[in-house]
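Quick notes on the structure that follows.
For this chain, numbers begin at 1 and follow the sequence in order.
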Amino acid sequence: MNTADRIDWTLHLAMSKMPISLCSSLGARLGFAMGKRKHPLEHQRAVALFRRLRPDLAADPGAYDAMADRLWANIGRTFAEFAVSHRILRSGRVTIDNRDRLDATLSAGRPIVAIFPHLGNWELTEMQIGFYAPHRGAVIVAPPASAARAAIAHRVRSQAPAELLPTSRTVWRKAMERLRRPDGILMVAVDDYANGRVGAPAFGAPPRLDGNLAKAVRLAMMHDAIIMPFHNERVAGSRFMTRILPTFTLDGSADDAGAVLAGIQRIDAVMTEPILRLLDQWYMAISYPQPTPS
């Protein structure tokens, strides 16, 4: 174990012993202090995206930087809260909105493709659904490159009763196996970053046909699965809302390029609304490299 790994483990274990509110607040301060200073390019990307998507704030010259500062605070909180995530869930700090909709979807007797963006503290809602429907779900995860951080992530995530599917050449084959179960649930983030682009929303650009969103659409069509969009919202401090959005199914065949494109565009539109409303809680804003086409 190298020095960086030892530091990561020491910080994680120390934060895991802290009171929840203190851990979250410390993360906010670290995120705010270190995010802009150590990641100026990512800060500039976020500011440029906010300026493009929120022209209504242009009259206030400091509005976009303030949004980016709030984003860094949210990122810092989210990373710190990872150490106390299960205590957050057990303490009732994550409320489920539209619980009846979630219950009805889970009892429908059909596989479910549960799609989400990186909003609020998305890790909490993934794990919450795992606990809510134990041993039914699988979630596609991208382990960190650092060996220590990957081990920490696995340690925390694996406490929820849901299968972890690390990204690999075979991950979508394993996802198909989950959806062959009549009660199977596949959780997948549709705003993944690959090939220089964030998967969704497209914000007017041509949709990506090679990312998680397109693959999720094809799998849902192949298995006649229910699409269940959801997202996490940080309400205040270390308190959250899991929002279950209206569910739907997709028409057409996975071999029909037109039907797949229509499915991608439908889900893209569904994801756009909460992301625009919570731009300063959207982690992927720091990865948007190009201006949004007008």
Quiz item: Any sub-3.5 Å donor-acceptor pair from Tyr283's side-chain atoms to Leu71's backbone N or O?
Solution: no
Quiz item: Should Ile75 and Ile286 count as side-chain neighbours, where that means a heavy-atom distance under 4.5 Å?
Solution: yes
Quiz item: With sequence neighbours left out, what residues match Asp56 under salt bridge (Lys or Arg N to Asp or Glu O under 4.0 Å)?
Solution: Arg54
Exercise. May I ask you to decide if Leu106's main-chain N or O and Arg136's side chain share a donor-acceptor pair within less than 3.5 Å?
Key: yes
Quiz item: Do Asp65 and His43 get their side chains close enough for a donor-acceptor pair, meaning under 3.5 Å?
Solution: yes
Exercise. Go through the structure and list residues passing ring pair (Phe, Tyr, Trp, His ring centres under 6.0 Å) with His39, not counting sequence neighbours.
Key: Trp72
Practice problem: State whether the side chain of Asn212 and the backbone N or O of Ala189 hold a donor-acceptor pair below 3.5 Å, judged by distance alone. | Solution: yes
Practice problem: With sequence neighbours left out, write down each residue that passes ring pair (Phe, Tyr, Trp, His ring centres under 6.0 Å) with Phe116, or none if nothing qualifies. | Solution: Phe230
Exercise. Apply the side-chain contact (heavy atoms from CB on, under 4.5 Å) test between Ile115 and each candidate in Ile227, Asp191, Val217; give the one that qualifies.
Key: Ile227
Quiz item: Between Met187 and Ile140, is a side chain to side chain contact (heavy atoms under 4.5 Å, CB included) present by the stated rule, with each step listed?
Solution: CA-CA 6 Å; Met187 290 180 274; Ile140 294 177; over 6 Å; no
Practice problem: Please name all residues satisfying ring pair (Phe, Tyr, Trp, His ring centres under 6.0 Å) with His118, sequence neighbours left out, ordered by chain then number. | Solution: Trp122
Quiz prompt | Close side-chain approach of Met222 and Leu179, heavy atoms under 4.5 Å | solution = no
Quiz item: Got a sec, which residues hit side chain to side chain donor-acceptor pair (under 3.5 Å) with Ser85, two or more places apart in sequence or on another chain?
Solution: none
Self-check item: Qualifying ring pair (Phe, Tyr, Trp, His ring centres under 6.0 Å) pairs, either residue in residues 172-194, two or more places apart
Solution: none
Practice problem: For the pair Arg181 (side chain) and Pro111 (backbone), establish whether a donor and an acceptor sit closer than 3.5 Å, ignoring hydrogens and angles. | Solution: no
Practice problem: Evaluate the side chain to side chain contact (heavy atoms under 4.5 Å, CB included) criterion for residues Met15 and Val84: first the C-alpha distance (whole Å), next the side-chain angles of each, then the deciding distance (0.1 Å), finally the verdict. | Solution: CA-CA 7 Å; Met15 286 184 160; Val84 293; 5.7 Å; no
Exercise. Just jot down the salt bridge (Lys or Arg N to Asp or Glu O under 4.0 Å) partners of Asp5, sequence neighbours excluded, or say none.
Key: none
Practice problem: Report yes if some heavy atom in the side chain of Leu57 is under 4.5 Å from a heavy atom in the side chain of Met67; otherwise report no. | Solution: yes
Practice problem: Please examine the side chains of Ile244 and Ile96, heavy atoms only from C-beta on, and report whether any two atoms are closer than 4.5 Å. | Solution: yes
Quiz item: Does the Arg208 side chain pair with the main chain of Arg197, one donor and one acceptor, at a distance under 3.5 Å?
Solution: yes
Practice problem: Let me see the working for His223 and Met176 under side chain to side chain contact (heavy atoms under 4.5 Å, CB included), right down to the final yes or no. | Solution: CA-CA 8 Å; His223 297 279; Met176 288 178 63; 4.1 Å; yes
Exercise. Report the C-alpha distance between Val188 and Lys215 in whole Å, list the side-chain angles of each, state the deciding distance to 0.1 Å, and finish with yes or no for side chain to side chain contact (heavy atoms under 4.5 Å, CB included).
Key: CA-CA 10 Å; Val188 55; Lys215 293 181 175 73; over 6 Å; no
Quiz prompt | Heavy-atom donor-acceptor pair, Arg234 side chain to Gly237 backbone, under 3.5 Å | solution = yes
Check: residues 17-27 side-chain donor-acceptor pairs under 3.5 Å, at least two apart:
unit_1 : atom_1 : unit_2 : atom_2 : d
Ser24  : OG     : Arg77  : NH1    : 2.6
Ser24  : OG     : Glu81  : OE2    : 2.6
Ser25  : OG     : Ser21  : O      : 2.9

Practice problem: Please check if the side chain of Glu123 supplies one atom and the backbone of Thr78 the other of a donor-acceptor pair under 3.5 Å. | Solution: no
Quiz item: Can Lys174 and Glu163 be said to form a salt bridge (charged side-chain N to carboxylate O under 4.0 Å, His left out), step by step?
Solution: CA-CA 10 Å; Lys174 294 177 181 177; Glu163 183 183 6; over 6 Å; no
Quiz item: Are any non-hydrogen side-chain atoms of Trp282 and Asn74 less than 4.5 angstrom apart?
Solution: no
Quiz item: Are the side chain of Arg277 and the backbone of Thr272 linked by a donor-acceptor contact shorter than 3.5 Å?
Solution: no
Self-check item: Side-chain donor/acceptor of Thr170 to backbone N/O of Arg173, under 3.5 Å
Solution: no
Practice problem: Kindly indicate whether a cation-pi arrangement holds for Arg52 with Phe203, taking the cut-offs as under 6.0 Å to the six-membered ring centre and within 45° of the axis. | Solution: no
Self-check item: Test salt bridge (Lys or Arg N to Asp or Glu O under 4.0 Å) applied to Asp268 - qualifying residues, sequence neighbours left out
Solution: none
Practice problem: List in chain and number order the residues that pass ring pair (Phe, Tyr, Trp, His ring centres under 6.0 Å) with Phe131, two or more places apart in sequence or in another chain; answer none if no residue qualifies. | Solution: His86
Quiz item: Which pair of heavy atoms, one from Leu250 and one from Gly263, lies closest together, and at what distance?
Solution: CD2-CA, 3.9 Å
Quiz item: Within the side chain of Asn232, is there an N or O that forms a donor-acceptor pair under 3.5 Å with the backbone of Asn121?
Solution: yes
Quiz item: Do Phe50 and Tyr288 touch side chain to side chain, with heavy atoms closer than 4.5 Å?
Solution: no
Quiz prompt | salt bridge (Lys or Arg N to Asp or Glu O under 4.0 Å) partners for Asp97, two or more places apart | solution = Arg243
Practice problem: Give me the other members of the hydrophobic cluster that Met241 sits in, counting Ile, Leu, Val, Met, Phe, Trp and Tyr linked by side-chain heavy atoms under 4.5 Å, directly or via other members. | Solution: Val235
Quiz item: Under 4.5 Å between any side-chain heavy atoms of Pro166 and Val171, yes or no?
Solution: no
Exercise. Kindly indicate whether the side chain of Val113, heavy atoms from C-beta on, has any atom under 4.5 Å from the side chain of Met228.
Key: no
